[in-house]
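Structure first, commentary second.
Just so it is clear: chains get the letters A, B, ... in the order the sequence lines come, proteins before strands, and each one is counted from 1. Only a predicted model underlies this, so the values are computations on that prediction, with no experimental measurement involved.
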There are 2 protein chains.
Amino acid sequence: MSPRRRADARRNERTVLDAAAAVFVTSGVDAPVRAIAARAGVGMGTIYRHFPTRADLIIAVYRHQVDACAAAGPALLVSSSTPGAALAGWVDLFVDFLVTKHGLAAVLQADRGRFEALHGYFLARLVPVCAQLLDAAAAGGEVRADVGAYELLRGIGNLCVGIDHDARYDARRMVGLLMAGLLGSRPTSV
Amino acid sequence: MSPRRRADARRNERTVLDAAAAVFVTSGVDAPVRAIAARAGVGMGTIYRHFPTRADLIIAVYRHQVDACAAAGPALLVSSSTPGAALAGWVDLFVDFLVTKHGLAAVLQADRGRFEALHGYFLARLVPVCAQLLDAAAAGGEVRADVGAYELLRGIGNLCVGIDHDARYDARRMVGLLMAGLLGSRPTSV
DNA sequence: TTGTAAAACGGAACAGCGCTCCATATAATG
DNA sequence: CATTATATGGAGCGCTGTTCCGTTTTACAA
C-alpha cells in the first residue's frame with residue numbers, strides 16, 4: 001500500500017481533470033480523448049492511467065455537483081411545505097444539472113458496455129434520495145405510488161437528451177408534464 | 001432522366017433493404033454498415049450508392065410502418081369517442097413502433113449531423129398528424145394547449161430511448177405519465 | 001550528493017467505425 | 001457482337017477508443 005503517490009502523478013491528475021472540465025463545456029462529455037490530452041498537455045496514456053474508462057473521468061469531473069444534488073434532497077424535505085413540493089424542487093435541481101452539461105443525459109443511460117461506472121454512480125447517489133422524496137410524497141397521497149425512483153430518474157434523464165440547437169423542444173416543460181402526470185388526477189384540496 | 005434503372009441495380013436495392021431489415025432486428029439500427037453489406041453479399045459501395053447516408057437506409061426500411069402510423073391518425077379521429085381518446089390511441093401506436101425497433105428512438109433525435117434525413121422524414125410525416133389530433137383535443141378542452149406536436153413527439157421519443165436490458169424502466173408507463181400530465185388537472189366531467 | 005529501483009509518462013500502434021473513390025465488371029443498346 | 005453508360009466491390013482514408021512498452025522522472029537510501 002502506498003501512503004503517498006508521486007508528485008507528478010497528483011499534479012497530472014488535477015491537470016487532466018481541469019482540462020476535461022473545460023473541454024466538456026465546449027465540446028460535450030463525449031469529446032475525443034485526444035482533445036482532452038492535448039488540452040492538458042499530456043499523453044493519452046496518462047489519462048487512461050488515472051481514469052481507466054471515460055466514465056470514470058466524467059464522474060470525477062461532476063462528482064461534486066452530483067453530491068450537492070444528492071445532499072439537497074433531505075434539505076428540501078425539511079424546508080419545503082410538503083413532501084410533494086420538496087420532490088418538485090429537487091427534480092428542478094436535477095434537470096438544471098442535466099440540461100447544463102452537454103451530452104451528459106445521453107450518456108447517463110445508453111448501452112451498459114462502457115459508462116457502466118457512470119450509470120452506477122449516478123444511480124447509487126441519486127436513487128436513494130429520489131426514493132426518499134418519492135416515498136414521503138406518496139405517503140401523503142400527493143403522488144402516485146406505482147412509479148419507482150429509478151424509473152422516474154431515467155424518465156427525467158431521457159427527457160433531457162439532445163436538447164442542443166432546438167428551440168422547439170423545452171426539456172423543462174416536458175419534465176413538468178411528467179411531474180404533473182405523477183400527481184395523478186387527484187384533487188388539489190384535501 | 002432515366003426511365004429505367006439497370007436490372008442488377010433494382011435487384012441489389014431489394015437485397016440490401018432485406019438484409020438491413022434483418023440486421024436491424026438483431027443488432028439495432030446502428031449496426032455496422034459492413035455487417036449489412038456482408039449479410040447482403042454486396043460491397044459497401046453498393047449500399048452507399050443506393051442509400052447515401054445511413055439515415056436514408058433506415059427510412060427506406062421503415063417507411064411503410066411510418067406511413068401506416070401517419071395514416072392511423074385521421075382514422076382514429078373518426079373512430080374514437082373523443083379527440084383525446086384518438087390522441088391517446090395514436091400515441092400508443094407510436095410508442096409501440098419505437099419500442100420494437102432497437103435503437104430507433106435514440107437515433108431519431110440526436111445530433112443533426114447525419115440522421116438529418118431521418119429526423120426530417122419522421123417529422124414531416126408525423127408532426128402534422130400529431131398536430132391534428134392535438135388541436136382537436138385542445139379545442140374540446142381535453143388537453144393543455146401550450147404543448148406543440150413537435151415537442152410532444154420528441155418527448156415521447158426521448159422516453160423510449162435505451163429501453164434494452166432494463167426491466168426497471170417501462171417506457172410505456174412513462175409515456176402514460178406524460179400523457180396524464182398533458183391532460184392537465186381539469187375534471188373528467190363536462 | 002549521488003545511485004538505483006519503482007512509478008509515471010508519452011505516443012506509436014492496433015482495431016473498429018463511417019465514408020469515398022476508382023479500376024473492374026456488367027447490363028443495355030444499336 | 002461491339003460499344004457505352006451504369007453499377008459494383010473493396011482498398012484506402014480519417015477519425016475514433018484503448019493498449020502497450022521504451023523512456024523519463026521521482027523518491028529515497030547510501
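A side-chain donor-acceptor contact under 3.5 Å links R173(B) to the backbone of D146(A). Panel note: side chain T26(A), backbone V23(A); a donor-acceptor pair is recorded below 3.5 Å. Remark: the backbone N or O of D170(B) is paired with a side-chain donor or acceptor of E151(A) at under 3.5 angstrom.
Atom-to-atom, CD1 of I47(A) to P of dG11(C) comes out at 12 Å; the value is rounded to the nearest Å. Whole-Å rounding puts the L57(A) CG to dG17(D) P distance at 11 Å. Straight-line distance from the CE atom of M44(B) to the P atom of dG18(C): 9 Å, rounded to whole Å. When rounded to the nearest whole Å, the span between OH of Y48(A) and C1' of dA13(C) equals 14 Å. In this structure, E13(A) places its CD atom 15 Å from C1' of dA7(C), rounding to the nearest Å. Between I58(B) atom CD1 and dG18(C) atom C1' there is a gap of 13 Å when expressed in whole angstrom units. Between R54(A) atom CZ and dT16(D) atom P there is a gap of 10 Å when expressed in whole angstrom units.
Not one side-chain nitrogen or oxygen of H50(B) sits closer than 4.0 Å to the OP1 or OP2 atom of dA7(D). The phosphate of dA7(D) has neither OP1 nor OP2 within less than 4.0 Å of any side-chain N or O from T46(B). The phosphate of dC9(C) has OP1 or OP2 within less than 4.0 Å of a side-chain N or O from N12(A).
Each of R5(B), R6(B), R10(B) was evaluated against D8(B); a single residue qualifies, R6(B), per the salt bridge (Lys or Arg N to Asp or Glu O under 4.0 Å) test. Checked options V29(A), L104(A), L17(A); the residue passing with V61(A) is L17(A) (criterion: side-chain contact (heavy atoms from CB on, under 4.5 Å)).
Residues Y169(A) and N158(B) form a side-chain contact, since some pair of their non-hydrogen atoms from C-beta on lies under 4.5 Å apart. Counting only heavy atoms from C-beta outward, the side chains of K101(B) and Q65(B) approach each other to under 4.5 Å. Looking only at side-chain heavy atoms (C-beta outward), L93(A) and L76(A) come within less than 4.5 Å of each other.
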Each nucleotide N or O in nucleotides 28-30 of chain D that has a protein N or O under 3.5 Å away: list the pair and distance.
none

The contact string for nucleotides 25-30 of chain C, one letter per nucleotide 5' to 3', using protein heavy atoms under 4.0 Å with B, S and - for base, sugar-phosphate only and none, comes out as -BSS--
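The stretch residues 29-39 of chain B comes close to DNA chain D through R34(B), each having a heavy atom under 4.0 Å from the strand.
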Show me the donor-acceptor pairs, under 3.5 Å and distance only, between side chains in residues 31-48 of chain B and residues at least two apart or in other chains.
none

Report all side-chain donor-acceptor pairs from residues 125-132 of chain A shorter than 3.5 Å, counting only partners two or more places apart or in another chain.
| unit_1 | atom_1 | unit_2 | atom_2 | d |
| --- | --- | --- | --- | --- |
| R125(A) | NE | D67(A) | OD1 | 2.8 |
| R125(A) | NH2 | D67(A) | OD1 | 3.1 |

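Pairs engaging residues 68-93 of chain B under the side chain to side chain donor-acceptor pair (under 3.5 Å) rule: T82(B)-E142(B) [sequence neighbours left out].
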